[in-house]
Amino acid sequence: MNTKDEIVKGLTRLHNFWYKVLGGRLVGRFGKAPMLLLTTTGRKTGKERTTPLLYLPDGDDLVVVASWGGDDRHPLWYLNLQAEPHVTVQVGSEKQARAARTATPAEKARLWPGLVAVYKQYEGYQKKTDRDIPLVMLTRESAT
């Protein structure tokens with residue numbers, strides 16, 4: 001693991017702690033962008049992994065960006081949800097079961113400007129990498 005990964009991992013743990021304790025108050029936004037906690041299942045370990053992410057509501061769906069700061073690698077949470085798309089999302093103090101899928105090119109074209117409007121750095125992240133940064137649609141799962 002490189003230094004960037006270690007720093008991000010430590011900051012993520014700290015943010016997750018305060019988000020859960022405060023129910024998203026004080027730490028539930030980053031500038032104009034709302035923030036959620038996404039919990040995926042590790043594809044190698046089977047352990048739950050929680051990541052704070054900016055999101056954009058799209059009807060009943062929530063949209064997150066698999067940017068990893070413009071790195072050439074996909075973030076681990078994105079690889080995890082490709083292996084297991086059933087996730088848990090915490091928005092404020094509410095937890096929800098959701099199904100994750102990569103947005104279609106048409107959905108990305110429609111949603112990208114709104115995401116850049118709330119977090120301008122996304123535009124720079126896409127320019128920084130040759131990787132097409134995926135958007136992920138988080139759709140509410142019905143209780144059965």
Does [Y] offer a backbone N or O that forms a donor-acceptor pair with the side chain of [X] under 3.5 Å?
X: Q90; Y: G92; answer: yes
X: K95; Y: T88; answer: no
X: Q96; Y: E141; answer: no

Could you pull out all residues at least two apart from [X] that satisfy side-chain contact (heavy atoms from CB on, under 4.5 Å)?
X: V87; value: L38, T40, L81, V89, R98, A100, L138
X: K47; value: T45, R49
X: T41; value: E84
X: T139; value: D61

Applying salt bridge (Lys or Arg N to Asp or Glu O under 4.0 Å), name anything that partners [X], two or more places apart in sequence or on another chain.
X: R140; result: D60, E94
X: D72; result: none
X: R43; result: none

Under the rule for ring-ring contact (aromatic ring centres under 6.0 Å, His included), what residues qualify as partners of H74, not counting sequence neighbours? Y78
Please say yes or no: joined through hydrophobic side-chain contacts below 4.5 Å, possibly via intermediate residues, are L79 and I133 part of one cluster? no
Could you give the distance from CG (L56) to CG (L115), rounded to the nearest 0.5 Å? 4.5 Å
Report the distance from atom CE of M35 to atom OH of Y119, rounding to the nearest 0.5 Å.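 Atom-to-atom, M35:CE and Y119:OH are 8.5 Å apart.
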Output, in order, the C-alpha distance, side-chain angles, deciding distance and verdict of side-chain contact (heavy atoms from CB on, under 4.5 Å) for L135 and W112. CA-CA 8 Å; L135 301 188; W112 186 255; 3.8 Å; yes
Nearest heavy-atom neighbours spanning [X] and [Y]:
X: P75; Y: A66; value: CD-O, 3.6 Å
X: P57; Y: L62; value: CA-CD2, 4.3 Å
X: G70; Y: T129; value: O-CB, 3.3 Å

Can you check side-chain contact (heavy atoms from CB on, under 4.5 Å) on W77 and V136, steps first, answer last? CA-CA 11 Å; W77 63 262; V136 175; 4.0 Å; yes
Are D71 and K128 within salt-bridge range, i.e. N to O under 4.0 Å? no
By side chain to side chain donor-acceptor pair (under 3.5 Å), which residues pair with E48, not counting sequence neighbours?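 Result, side chain to side chain donor-acceptor pair (under 3.5 Å) vs E48: none returned.
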List for me each residue that meets side chain to side chain donor-acceptor pair (under 3.5 Å) alongside D132, sequence neighbours excluded, and say none if there are none. K108
Pair R101-Q82, side-chain contact (heavy atoms from CB on, under 4.5 Å): steps then yes or no: CA-CA 8 Å; R101 66 172 177 79; Q82 287 182 316; over 6 Å; no
